[in-house]
2 protein chains.
Amino acid sequence: MHSESATDGDAPLDMTLRLERGGTVSDQVYDALRHAIVTVRVLPGASISENRICRSLGVSRTPVRSAIVRLAEDGLIDVYPQKGSFVAPIRLAAIAESRFIRRVLEVAVVRDAGAAWNATHSADARAAIAEQARAIAAGESEAFFRADEQFHHIFSRAAGHDGAWAAIVQANSRLGRFHRLFGNKDRLPVVLQEHASVIDALDAGDVDLAAHRLEDHIDKVFTLIDHLPEDLRRLVED
Amino acid sequence: MHSESATDGDAPLDMTLRLERGGTVSDQVYDALRHAIVTVRVLPGASISENRICRSLGVSRTPVRSAIVRLAEDGLIDVYPQKGSFVAPIRLAAIAESRFIRRVLEVAVVRDAGAAWNATHSADARAAIAEQARAIAAGESEAFFRADEQFHHIFSRAAGHDGAWAAIVQANSRLGRFHRLFGNKDRLPVVLQEHASVIDALDAGDVDLAAHRLEDHIDKVFTLIDHLPEDLRRLVED
DNA sequence: ACCGGGACACTAGTATACAAGATAGCGCCG
DNA sequence: CGGCGCTATCTTGTATACTAGTGTCCCGGT
């Protein structure tokens with residue numbers, strides 16, 4: 001067995017997956033599955049049956065398998081040969097590692113971004129913050145996360161660190177599920193304030209202050225782990 | 001076309017791949033291909049024909065495709081649908097990014113490692129250094145790189161940063177080819193000295209000094225790019 | 001001799017069939 | 001009634017056949 005998975009045998013949702021954009025079928029399946037997992041539309045521990053998915057999507061097993069292989073490389077799916085594939089559990093140790101990677105990389109990136117910071121970057125960042133505020137008011141949580149990613153992306157673009165951004169996104173794919181499951185809605189306005197304070201520091205040319213504020217901002221992600229709701233504890237490991 | 005690849009039409013080596021360890025065939029193909037690419041037994045730009053590989057290895061296309069998908073995710077192979085798959089060129093911009101990621105992550109890791117540093121770690125590190133010296137004397141370059149990886153792994157183990165190590169390894173898979181192609185043999189003894197100086201600083205409890213020395217060590221990788229041999233320049237992009 | 005067109009030999013993507021292992025449930029036996 | 005063992009049915013891994021697109025090369029016409 002693979003220990004005690006959350007929703008093992010039961011198949012609560014028939015995977016409301018829809019293939020969207022063009023490109024190869026394999027890519028479409030990959031995007032759909034990845035989105036469903038990161039946004040926790042499918043919960044950690046859920047069974048991923050190749051047969052069920054290809055029946056549900058009307059495609060053959062080949063592109064589905066290809067997508068699963070890629071998701072397994074991303075650490076989002078665990079494959080147990082001859083037993084089954086399951087959405088990877090949220091391991092607290094892995095979350096801590098992802099947080100470490102993201103904090104270290106993003107702080108270094110923002111330091112480089114400070115050197116090339118200009119009015120356009122500032123305007124883009126404040127636009128992203130405004131979009132986050134709108135999403136909060138409208139209760140559109142996915143739009144909030146999307147704008148959050150846009151906001152953090154600006155630093156990498158300003159610094160020209162495309163590769164670092166790719167690494168950050170990869171680490172974030174683990175953190176994303178954590179945020180959506182355990183994120184406290186009361187903290188969202190605080191997030192906005194912290195975002196704005198980082199931009200304020202950059203606009204003022206104080207790179208050290210910006211880096212320090214960003215580091216604190218990312219670290220605060222872990223404050224909400226102390227009061228972890230009991231009914232969600234079964235979704236994490238360790 | 002895919003621009004000017006180095007060894008496009010020609011197939012200079014019949015892929016002296018041999019499947020070694022147990023596990024699924026797909027994993028064996030993945031390991032063999034990855035090793036061949038990272039150790040530049042197959043050069044950047046070389047054509048990776050699924051048919052040729054599965055003929056060469058005596059397996060079907062399915063596991064070969066699976067391995068190629070994973071290698072494409074790793075950024076080691078570029079797949080052009082209906083045209084072909086090719087060993088990814090060494091993009092100087094990507095090398096710079098990998099260097100950035102590795103430096104930032106590893107410096108942060110070594111700072112954490114300093115807190116938990118003990119005699120065992122020191123002994124392991126010095127053993128790895130000794131192995132590197134032996135490899136240099138014996139002219140076994142692959143053994144040198146293996147010991148180098150072991151050496152750098154020690155910091156992550158001491159700090160308990162498994163995830164960060166995984167990210168470092170991933171960034172290193174790009175750097176590995178660069179090192180093997182453009183590495184200057186005259187610098188190898190200097191590498192040993194730099195490694196030893198980092199451990200000296202850690203043993204002395206001076207974490208800041210260790211971090212600074214490690215940062216310089218990783219940065220020096222780029223000093224050899226200035227005098228890039230002309231006959232190898234065709235293997236890189238940009 | 002040069003230029004154009006079509007057959008051909010490739011490529012990767014997809015679909016389907018088969019193989020091997022693991023599990024759960026049921027029936028038989030003690 | 002309890003425990004052992006078989007079977008039916010799942011799982012993923014592998015092999016093979018087919019599709020559609022692309023580039024090349026040769027041959028024929030100009």
Side-chain angles (χ1 to χ4, degrees), chain A residues 1-5 7-11 14-15 17 19 21-33 42 45-73 76-88, chain B residues 1-5 7-11 14-15 17 19 21-33 42 45-73 76-88:
Chain A
M1 270 312 278
H2 61 291
S3 74
E4 31 46 308
S5 59
T7 62
D8 200 331
D10 50 324
D14 279 42
M15 203 74 75
L17 294 176
L19 306 183
R21 65 156 200 185
T24 68
V25 180
S26 175
D27 289 342
Q28 299 174 36
V29 175
Y30 173 79
D31 287 341
L33 271 178
V42 292
S47 168
I48 299 286
S49 167
E50 296 178 359
N51 283 314
R52 201 171 57 225
I53 291 186
C54 66
R55 263 195 300 268
S56 169
L57 270 63
V59 299
S60 84
R61 268 185 63 204
T62 310
V64 173
R65 267 189 71 75
S66 178
I68 288 180
V69 166
R70 292 164 67 184
L71 289 166
E73 275 259 310
L76 292 177
I77 288 184
D78 292 335
V79 177
Y80 299 87
Q82 270 66 32
K83 285 194 269 191
S85 303
F86 305 89
V87 177
Chain B
M1 272 311 279
H2 63 292
S3 75
E4 30 48 309
S5 57
T7 62
D8 200 333
D10 51 323
D14 280 41
M15 202 75 75
L17 294 176
L19 305 182
R21 64 155 200 187
T24 68
V25 180
S26 175
D27 289 342
Q28 297 174 37
V29 175
Y30 174 79
D31 288 341
L33 271 178
V42 292
S47 169
I48 298 288
S49 166
E50 297 178 357
N51 285 315
R52 200 170 60 225
I53 292 186
C54 66
R55 262 195 299 269
S56 169
L57 270 63
V59 298
S60 84
R61 269 184 61 205
T62 310
V64 173
R65 268 190 68 75
S66 178
I68 288 181
V69 165
R70 292 164 67 184
L71 289 166
E73 274 258 309
L76 292 177
I77 288 184
D78 291 336
V79 177
Y80 299 87
Q82 268 63 28
K83 286 194 262 190
S85 303
F86 305 89
V87 177

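Note on naming: letters A, B, ... go to the chains in the order of the sequence lines (proteins, then strands), and numbering restarts at 1 for each one. Excluded from the calculations below are hydrogen atoms, water molecules and symmetry mates; all remaining heavy atoms, backbone and side chain alike, are included.
- Comment: R70(A) engages D27(A) in a salt bridge, judged by a side-chain N to carboxylate O separation of less than 4.0 angstrom.
- Distance check, rounded to the nearest 0.5 Å: CG of L57(A) to CG of L33(A) gives 7.5 Å.
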Q: Quick one, give me the B/S/- string for nucleotides 6-13 of chain C, reading 5' to 3', where B means a protein heavy atom under 4.0 Å from the base and S means that only happens at the primed atoms, P, OP1 or OP2.
A: -----BBB

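- Phosphate proximity of dT14(D) to T62(B): absent, as no side-chain N or O sits under 4.0 Å from OP1 or OP2.
- With sequence neighbours excluded, the residues forming a side chain to side chain donor-acceptor pair (under 3.5 Å) with R61(A) are E50(A), listed by chain and number.
- For the side-chain contact (heavy atoms from CB on, under 4.5 Å) criterion with V79(A), the lone passing option out of I48(A), L71(A), I68(A) is I68(A).
- Contact detail for G45(B) and F86(B): the closest heavy-atom pair is O-CD2, 3.8 Å.
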